[in-house]
Amino acid sequence: MTGRHQVVVNDEEQYSLLPIGQRPPDGWRATGFTGERQECLDHIEEIWTDMRPRSVRLRQDADGGAR
Amino acid sequence: MTESEALSATKQALLAQRLRRGTAAPRRTIPSRPGGEQPPLSHAQERLWFLEQFTPGTTQLTIPIRLRLRGPLDAAALAAALDATVAGHDALRMRFPDTGDGRPRVVLADDATLPLTVRDAPDEAAARALAEEFLAVPFDLTAGPVARALLVRLGEDDHVLVVAVHHIAADGWSADVLLREVFARYDGRAPATPQVGYGDYAAWQRGLPPSRRDLDFWRDKLAGLEPLDLPADRPRPPERTYTGAAHTFSLDPGTAAGLARLGREHRATPYMVMLSALTALLGRYAGVEDVAVGSPVAGRQVPELDGVIGCFVNMLTMRVDLTGDPTFAELVDRVRDVVLDAFAHQDLPFEQLVSELDLPRDVSRSPLFGVLFAMQNYRHEAVDPPAGLTVDDFPVDAWATRYDLELYVGDDSGGMFVYNTDLFEAGTVERLAGHLCALLDRVAAEPDLRLSRIDLLSEEERRLVLDGWNDTAADYPGEATLHGPIEAQAARTPNAVAVRFEGRALTYRELDAAADRIAHTLRGHGVGPGSVVAVCAERSLELLPGLLGVLKAGAAYLPVDPGYPPDRVAFMLADAAPPVLLTQRAIRPDLPETSATVLDLDDPDVWTGAPGPLPEVRPDDVAYVIYTSGSTGQPKGVPNTHGAIANRLDWMQERYGLDETDVVAQKTPLSFDVSLWELFWPLRSGARLVLATPGGHKDAAYLRRFITNEGVTTAHFVPSMLAVFLAENSTDAGCGSLRRIICSGEELPADLARRCVATLPAAELHNLYGPTEAAVDVSAWHCLPETLASAARVPIGTPIANTSLYVLDAAMSPVPIGEPGELYIGGAGLAWGYLNRPALTAERFVPDPYGPPGSRLYRTGDLVRRRADGVLEFLGRLDSQVKLRGLRIELGEIEAALRALPAVGDAAVIVRDDRLVAYVTPDGGTDDLEQALDHGALRAELKKTLPDYMVPAAYVTLASLPLSPNGKLDRRRLPAPVASRDASVEFIAPDTPTERALAAIWSELLEVEGVGVDDDFFDLGGHSLLATQVVARLRQELSEVERLRSDQRWVNWLISQGLALNDLEPEHARRIVRNMRRDSRDAEDYYTRLFESGTRRLRAPVISVVGTEDPATDYYQERFREWHFLTSVSAVVVLAEAGHFFLKYRAQELAQIVTTVHRNLEKPEEPERGGDRTWWLHDVSHSDTLPAPSGVRPGIPRFLAVALSQLVTMTGAALTEFAVPLWIYTTTGSVAKFALMAVVGLVPGMLVAPIAGAIIDRANRRRVMMAGNAAAFTIQLAFGILLWTDNLSVEMIYPLLGCLSIALTFQRLAYFSAVPQLVPKHYLGHAVGITQLGNGTAQLLVPIFAVGLLSTIGLGGILLLDIAGYAIALVILLVVRFPASMPWRRRESIKDEILGGLRYSLGHRGFIAMLLFFVVLNVFLAPLLLMFSPLVLAFSGLTEVGRIAFLAGAGTLIGALIMTVWGGPRQLRLRGVLLCTLVVGVCCLLTGVRADLFVIAAGVCGITLWMTVLNGIYTTIVQVKVPQRFHGRVFAMNTLIAWSTLPIGYGLVAPYAAAVLDPLLMEGGALASTVGALIGTGPGRGIGFMYVLFGLVIMAIALIAMRVPALARFDREVPDAVADDLVGVQALRSKEK
């Protein structure tokens, strides 16, 4: 489970990773970041700051934001 | 060419030589045995012989040869050929008789035959049947022969030949040799006789030492090899079985060609290519990367053995490493090396290897490998049939197999699987063969395919596993929120009971309203959608409104287990950062510092938020966050949405259909997601929820009661708890209300499931599966008895609604049916991920290639496989996560916690025998491993950060952790922990029967030798479920030894304490009393022994809690210090107005005391009874030893000295008191004077008692005793002087006797009060007993002494004795100093006692009536007690008076014994008193009827006997009907009343009645002719008549009393005592007001 990986994201802005060269399934796209598995995970740890699905985030923020 | 390839080429050459010759060693020769010597068994023979002994009577070791011979056949010639062949081969002439010592021996016959049976068969089927029947007959190795043959004649030119040879005499190669020779001889040719016989070979082989080189090679090669666990269809039988079946398959010719090409390219034989394919497939099936397969080699090490028949075959273990996901071509290379290496070391007999390796004994499987693979390229081709005959195979259906699975492959056309039918089903092996063919197809075409990428699925299979079995779409109506349907239910059935807890309940309306209040308040604290609210509370009625309130406010709840270590709680609170934490008052003090607003659920004043609109909650809002164990050393939070849990609950309702008649048990801790459905499913469905008491989920006996009492229909069990629960219920089905049992949380063992459906047939059993990351459960299986019957494991079933389950390989491709893979979950139940863990979330929640666009799959890390019917089976974990007793544990988290400790270098944690075992290496290394790490300290450190269930039970220190060749932890080489006691705990052997029984149970359950008294159950490896087993065993084993003593006095005492024992079944009441008696005795013995022998001291303080009104804890003010023998800090807390049972009635205060006092031991408060405190810390004492009191110490010698002196003086005084009235009577003959004297001796003392009590309470007891003694001495002296100087007149006696009675009162009261001062307090009970015994003895013996002494030494002598006695007593008191400890103190003054008692008794007319009865009775009874001396003296002497007095005393003693044994009546006690009165009346009458010593003796004895019984019953009345704290008052008052009539009886009634009646019955008196005729006339008969009259009066009183309503209904109307502690509570309340 080592080797080059790519960071992928779906429409709800949920992140994951796939081995490089594997086409992301429908509804997922590569973010462009690639690296060793751990590098990808570290990258995700950094950029995925709000873990709410996008639709929930938009709705809750519109309703007055999360506390 | 690399070096390794070069090496391989060398080996290749080696192989070529081997295959030709079977050996590469320098040419060896096998010498002939010396003539006449019997050969030994070869290694192989010996092993086969043992196998035969192990399972005799089977045909597993029979080699079957089955041939169809077409053409003309001469049976006689065939028989001759067979016999001739036998003559040429040793092995066929061997038999193996018993030797008596269990070892085999060979007898080689000079001539033997191979018997041929000839049969006829009409057709092929009959021939087959005959052949199978023939082969089914086992061999008798003892008698021989070891081979036999059957010829079935189908026609003139058509025969079937069956030869059966025992493996001990042949092998596959030999079968061909045999046939070849037989056919040659049949043809008339004589084949060359082998130069060596098998016996020579055996002798030679046994003479060879095992090759060190071979041994080292194999030992190294096979290190750490684990048995291959192919997923079987049926449970593995505990012992090996041999029933097999076969499945043949054929290979596509194109594939065969491709494989041949592959072999050529990689210089590999077909055997190597096929072995590669087989191990690759087995690796995938078993989910391992280390596969060993056994293969036979011919084992004929020298050329001259080629023609020998016998067992030469050797087994080689081909261990193939599949790690690193190699391509198939790479694997072939690896396998080639493995095979060549193995062949190079093939000479070591398998049997020798197995014994040298010292493998763990496992009789359920063959050693080293379970799968056999053989290339069968030597059969039949080389066998030429005799002239004129053709030979074909004649297969039969019977197959024996010594392995789980055997694969035989011919050259390239296909092969055959033989499988053990006790493990596999035909369909499974058929699928396996199909997958092998698919694998061979794929790799033949594409050898560079990585193993993980070899697709074994057919299109149809792929469609089925991806879509067909995941067709779960379902549409549920209504709101997809957790609480919405509950609100709807509350609107539908507002008044139905929603939840019950310990007798209290909430209706749906109340629940909803309470939740609303909480929601509104939470809104006021800023809680809303997106917030998390932590809930840290025990199961309680407040809990549920709290959870619902959080949900209504739009927030998610985060359960925090109150039992978690503070560090873990602090971490969770910091990680989830809830703005609000809901808790309970009792828990709040233990919570760590938090920035959250902390609100108490059980404080109604908090929940006053203003009503307002509540936010709309959406299905994708988070409903709850549950933390699970994490491999990184920290737990992780999982947020689950309303939609996910609503889907799960909707499915559950649709599947199991709960309705309003259902009752669902809630017993799972909230931190475990099963609690979600337990809590909310019933409330959404209108059913009733019942909450188990906190901690109750671990107590099987409690659960059983709980389920039965609450009528629970639906309950969840973790399988390990189900096992305990069923064990508890094994003897009695019970729990009949259960309709469904839901299991989840860990693997449900098949036998447990079978036991469950058998024990509780009315309850459905469902096995559910799911991780926290997917809303509780994702699959379910209904366990039906018929499907369980033969199941190896209980399936986890099929997906629930709107859920997809995929079994995927490492590349996320679906694995074939039956093959294990990782379970992935998709669909509605998925959580958001891990709270604040983006990387971890990205790793575990991955893109779903098979679901809707953008969807994710959760990677469970669970290994599962599909059955052919699509049902999933759980096989284990892929990572180091385990489930232990239903709790998910990441071993990595424990390892991380261990490594974080400074002393620990490295750590590994595994599960062994259902408990966690930690392996640790010391940091920095050390010479002495034993001393390196303190395991107790490690455990203590871990307990600070990990929940108890994650703290390992056993620890092993290693110099380093064992690693496998590829650098991974080699778990197989981790040694088993030596279960032992902690050496730092001093061993104290169990002593009492209870301790010994407990220690025996512990050491059995924990498998630890020698359990000591101080050992910690959990430190020895115990866990909560084992603890419940201990309790269950104790219940069985500790039976009470019955005692003569009646339970009734305990029953009475319990009733006086407010226990409604009469409402209980007698059996229950008896059990309570037994327990109490046993417990008190055991506790007393235990602590006394500890106190005497000393023990290791506790580090914890001992805090005694006492009630002010509890006589059992008198002297607590100083006695609490005695606990210093156990601890250096001892404290005492006092509960105002509490009695003995404050545990029950003052639980709340007690809880406060238990939870708070230990923190505030530094500052004891002033003991103050006033104020509003209901309890206070009375005193704290710090001392490292038992404090020695200043001055003299209490001691038994001291006490005995004083007690003896007091006994002597009191006996003396009693003598005087008895003798003086008698002296008066004998001197004056006046009954009046005699009676008056008795009054004078009694009344002054009685009157002065209250004052004496008050004085003694305030004064030095020793001085009071001395004063009393001195006064008595002086008075006696005065008596004596007056007597001796003849100045003693009656008038003088009265004041002296009066003064004596006063002096004696002081003396007696002071003495009783001083006893506790003199005696070490733990002997107090015995001391009081001695005191009472002394008094009793005095009462009994005095009359005899008195009368005897009076007649011998006279009154003067008696007085002299008394004076001497008193003088000695005075000296003793002067010499013996009294310890300055606390003496006994009256709770209230005698006056208060009497008045208080009067007040109490006058409160009920029943009591008034009873008192009046006694008053009247005593008027008539008292004189009779006095008058028997005059009665006897009237016709007899002093001696007789003494005898009668003795019998009166004996009557008293017998009465007391009766009461001790009987305990008095259970009900209708006053009726008992009245009946006793009646009998006393009869006895009185009897006493008077005749002037006969015997009659009087019987009467008097009866009177005292029945009076004692009467008094005893009366005592029980007071005990039962009066609260304990009033007993003293009521007794005191009644004594006063009883004694108040004594003077009347003695002083007035006795003399006047005697004076009036005596003349009437003198000779010629008025009644002489009438009454006198009946009872006699003469002196004293008047007194006799008085006895008769008063007897009648007493009987009348009794009879009348029975008619008086207040007395007749007394037993029913007067209520039993209110619990003493309730009286105390009442007193406290009135004080408050």
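Only heavy atoms go into these numbers, but all of them, side chains included; no hydrogens, no water, no symmetry mates. In what follows, every chain begins at residue 1, and chains take the letters A, B, ... in the order their sequences are listed.
With 3.5 Å as the limit, one finds no donor-acceptor pair spanning the side chains of S452(B) and D809(B). Side-chain contact of E12(A) with S55(A): a donor-acceptor pair under 3.5 Å is present, judged by distance alone.
If you measure heavy-atom distances from R844(B) to chain A, you find no contacts under 4.5 Å at all. In this structure, the portion of N836(B) lying under 4.5 Å from any heavy atom of chain A is its backbone and not its side chain. Using a 4.5 Å cut-off between heavy atoms, N10(A) touches chain B through its side chain atoms alone. The part of S855(B) that comes within reach of chain A is its backbone (N, CA, C, O), which places non-hydrogen atoms under 4.5 angstrom from that chain. Of the atoms belonging to L17(A), heavy atoms from both backbone and side chain fall under 4.5 Å from chain B. Interface remark: Y834(B) contributes backbone atoms only to the contact with chain A (heavy atom separation under 4.5 Å). Of the atoms belonging to Q14(A), it is side-chain heavy atoms, and not backbone ones, that fall under 4.5 Å from chain B.
Residues Y824(B) and Y858(B) keep their aromatic ring centres 6.0 Å or farther apart.
Atom CZ of R462(B) sits in a crowded spot, with more than 12 heavy atoms from other residues, nucleotides or ligands closer than 6.0 Å.
Residues passing the ring pair (Phe, Tyr, Trp, His ring centres under 6.0 Å) test with Y557(B): none are found, sequence neighbours excluded.
In terms of non-hydrogen atom pairs under 4.5 Å with chain B, the most contact-rich of I47(A), T49(A), D26(A), V9(A) is D26(A).
A perpendicular orientation is assigned to the rings of H483(B) and H642(B), their planes being inclined by more than 60° (bins at 30° and 60°).
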